Amino acid sequence: MDHLYIRLAWTNIKNSRQFYLPYLLTGILCTAMFYIMTAMSGNSGLQDVRGSASLQSVLTLGSYVVGIFVCIFLFYTNSFIIKRRKKELGIYNILGMEKRHIMKELAAETFFAAAVSITTGLAIGILFNKFMIMLLYQMSGLSTPIQFELSVPAAIKTVELFLLIYLAALLYNVLQVRLSNPVELLHGTNAGEREPKTKLLLSFAGVACIGAGYYIALTTQNPLKALTLFFVAVVLVIIGTYCLFTSASIALLKALRKNKKFYYQTRHFIAVSGMIYRMKQNAVGLANICILSTMVLVMVSSTVCLYVGADDELTARYPAEISIRGFCDERPAYGGLEKEIEDVIRSNGRTITKKSSYSCVETAALYNEANHSMAFPSDSERSFNNLSKISLLYIMTKQDYEADFNTTLAPVSESEIAVIGTPVYESSELTLFGQTYAVAKSNPAAIDTENYLTRGTEIEHMYYIIMPNQAAMDEFFTYYKAQSSETEPRYSYHFNVDIDGTKEEKLACDQAVIARLNSIYESNQSSLVDGIFGEYREVNRLDFYAQNGAFLFLGIFLGTLFLMVTVLIIFYKQISEGYDDRERFQIMEKVGMSRREVRATIFAQVRIVFILPIITAAFHVTVAFPMIQKLLLLMNLTNAKLFACCLAGTILIFSMIYLLVFLLTSKSYCRIVDSKA
């Protein structure tokens, strides 16, 4: 008997290969992709390269996303197949097979699908794993030798996950058969044929959710708030999309039906009436396509932008090639240290193209707009939730500001200060920690509001307080130390240098500077250094490219997975609806509708269904543009024009792929529906 079920299952798979072949291919690809991502995240070779922490964290996140997504997708695909099989299973039941026999036959089919998908997928994953690591290394700028590695833990995780998925699919199929009688099974493929009702409340809920999501995307200005609110906006837009496709689409079609001039035309009559009856089951599929398309557009465009703009990000995060910073109790005189660094740079054959050094007092203050004063914030006011009320202050001399920003300020008299910052300070005086100063009006008010020091926080106010000379600065610092509640108010010292040379030459020079600073520490030359540390652009370049390369790899990897899912959903949707609509179009031909009119009606209906998701997805990402740009600021990408170009290019390429899928699946739909094909 068991051999009978196995033969029957194999025969059914062969006879239903139009449905099973895409299902098996999907299972194979999902298995391979999950194994590759899991194996790469635990690859031992990654632990020995620079940027390994960034790479492995991104890849681990990717493995979780792939795992969750393949569970949902394979279960969705299985539910489609069992729906198409219900009529066949009902016939088995009527012909005398008991439900327990049908369940055994389904178990045999699931066993075949699981065995083929897991074994073939694992084999492909193992074979292509090294190639994918090579691709990742190429994107990340790594040159470490790559050894072939079979990841046993990744293989075990893959087998366990997919066995659970196929077991869950089998339980779902068995439940469908067990809870249905033969008549319900026979008519299972026609479920959802009743005319759906217009649900105004659901339509209003959809509009409200999408409106709220759009409002968050368009009004959120702070990058950190954008990070915390992004997922809220995404969830709202997803819910709203499902609601609108489920309810508003039906309301729109019924409104078109009431328009007699539009409705009573051959193509419109057939397309609109058919879509109304199909929309109940169409809506979820269309919403899935729309959301997946949106995910592909956002993921690919943002990761490509991060990778292409890596140099811009690096420069934004490290404005100088070599940046030395330190803290001390009195105003520093670091001429000896600067000479040491300059000597190391010149001894490495590099030329200094730009340099600046200055000292300042960096502190935070709570601005009171009513009396134009900045005071020390209390401990509760320094809390994370109140950062938006805090002003970040850099207090320095006019000479140091001009040297650092390579600019010339208007004169500042002995009794005045200049206040340069964002938002513009417009009062004629400022009380700074209890001491009142007149504010010079003739100085510029604009500064870099995307300073990397504040980019990842909710601090929105940043000011440079410019003292007229060093004597005024010393007087302020003495007063500041007496008033400050901090244990050790200190000066902050900055020495920034730009050098010429190739990336390799700059890296060698950076490493020589690091070695010299370390030797100064070891020899305890306190006259030269006091709490000094440095930041080096070229030293950190590899980390930037490793992280951005990993993001690009993950974006393309997941984008390919989501695109594959989108294509398969479209394919199954077209095949399913083709079989559902075939009898209806055959009747229309029999009552006098020409074959040309049938094809025109089919194309019009399919075109409308296909256009809706891609237009909605493009609109979603366009509205989300400002919020995604704020998120990219957290990754140090300030080039909005580059992101706009990447997004436009991604939409164009995806639309071309989408059009190709439309043409191919439309032909399959027409072949099924056309009775003379």
Side-chain angles (χ1 to χ4, degrees), residues 37 51 54-55 57-62 64-66 69 135-136 139-141 213-214 216-218 220-235 237-238 290-317 450 452 455-456 543-563 565-566 614 616-655 657-658:
M37 188 61 72
S54 299
L55 280 173
S57 61
V58 172
L59 293 174
T60 301
L61 174 64
Y64 289 137
V65 173
V66 173
F69 200 79
L135 180 62
L136 172 64
M139 290 180 175
S140 303
Y214 282 4
I216 292 173
L218 294 172
T220 304
Q221 298 299 321
N222 184 274
L224 192 62
K225 289 182 179 177
L227 180 63
T228 56
L229 293 175
F230 178 73
F231 295 102
V232 176
V234 168
V235 171
V237 170
I238 289 176
C290 175
I291 292 168
L292 287 169
S293 300
T294 305
M295 293 170 68
V296 171
L297 294 175
V298 170
M299 189 172 300
V300 175
S301 62
S302 57
T303 53
V304 168
C305 183
L306 283 173
Y307 187 75
V308 174
D311 281 339
D312 291 341
E313 299 159 38
L314 193 65
T315 303
R317 174 57 185 85
E450 294 173 348
Y452 74 91
R455 198 175 293 142
D543 287 335
F544 259 70
Y545 273 92
Q547 177 176 284
N548 289 356
F551 275 122
L552 177 61
F553 177 84
L554 184 61
I556 294 175
F557 195 90
L558 295 181
T560 302
L561 176 62
F562 294 155
L563 180 61
V565 173
T566 303
I614 188 63
T616 307
F619 194 75
H620 282 344
V621 296
T622 302
V623 175
F625 177 88
M627 188 173 226
I628 300 172
Q629 186 201 352
K630 297 294 186 300
L631 295 176
L632 293 177
L633 283 176
L634 296 174
M635 306 290 290
N636 300 292
L637 183 68
T638 59
N639 193 337
K641 185 180 293 186
L642 175 63
F643 178 51
C645 292
C646 290
L647 182 58
T650 305
I651 292 175
L652 178 62
I653 295 173
F654 183 79
S655 298
I657 297 173
Y658 195 85

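None of the values given here were measured: they were computed from a predicted structure.
- By the ring-ring contact (aromatic ring centres under 6.0 Å, His included) test, Phe625 is found to be paired with Phe643, residues two or more places apart in sequence or in another chain being considered.
- Residues Val623 and Leu218 share a closest heavy-atom pair of O-CD2, 3.7 Å.
- We find the CG-CG distance between Leu306 and Leu631 to be 10.5 Å, quoted to the nearest 0.5 Å.
- In terms of heavy atoms, Ser302 sits closest to Val298 at OG-O, 2.6 Å.
- Contact record, Ala217 with Ala624: CB-CA, 4.2 Å, taken as the closest heavy-atom pair.
- The minimum heavy-atom distance linking Gly213 with Ala233 is given by the pair O-CB, 3.9 Å.
- Every residue meeting the ring-ring contact (aromatic ring centres under 6.0 Å, His included) condition with Phe619, not counting sequence neighbours, appears here in chain and number order: Tyr214.
- The line from CD1 of Ile657 to OG of Ser293 is 10.5 Å long, rounded to the nearest 0.5 Å.
- Between the CZ atom in Phe562 and the CD1 atom in Ile291 there is a gap of 11.5 Å [rounded to 0.5 Å].
- Annotation for Gly309 and Leu642: closest pair CA-CD2, 3.5 Å, computed over non-hydrogen atoms.
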Report, one line per pair, each donor and acceptor closer than 3.5 Å where one atom sits in a side chain of residues 549-561; sequence neighbours left out.
{"unit_1": "Thr560", "atom_1": "OG1", "unit_2": "Ile556", "atom_2": "O", "d": "2.7"}

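- Considering all non-hydrogen atoms of both residues, Cys290 and Ala617 come closest at O-CB, 3.6 Å.
- For the atom pair Asn639 CG and Leu632 CG, the distance stands at 10.5 Å (nearest 0.5 Å).
- Legend: residues meeting salt bridge (Lys or Arg N to Asp or Glu O under 4.0 Å) with Asp312, ordered by chain and number and at least two apart, are absent.
- Going from atom CG of Leu647 over to atom CG of Leu652 covers 11.5 Å, rounded to the nearest 0.5 Å.
- Listed by chain and number, the residues in a side chain to side chain contact (heavy atoms under 4.5 Å, CB included) with Val235 are Ile239 (sequence neighbours excluded).
- Partners of Thr220 according to the side chain to side chain contact (heavy atoms under 4.5 Å, CB included) rule, which considers only residues two or more places apart in sequence or in another chain, are Ile216, Lys225, Ala226, Leu229, Met627.
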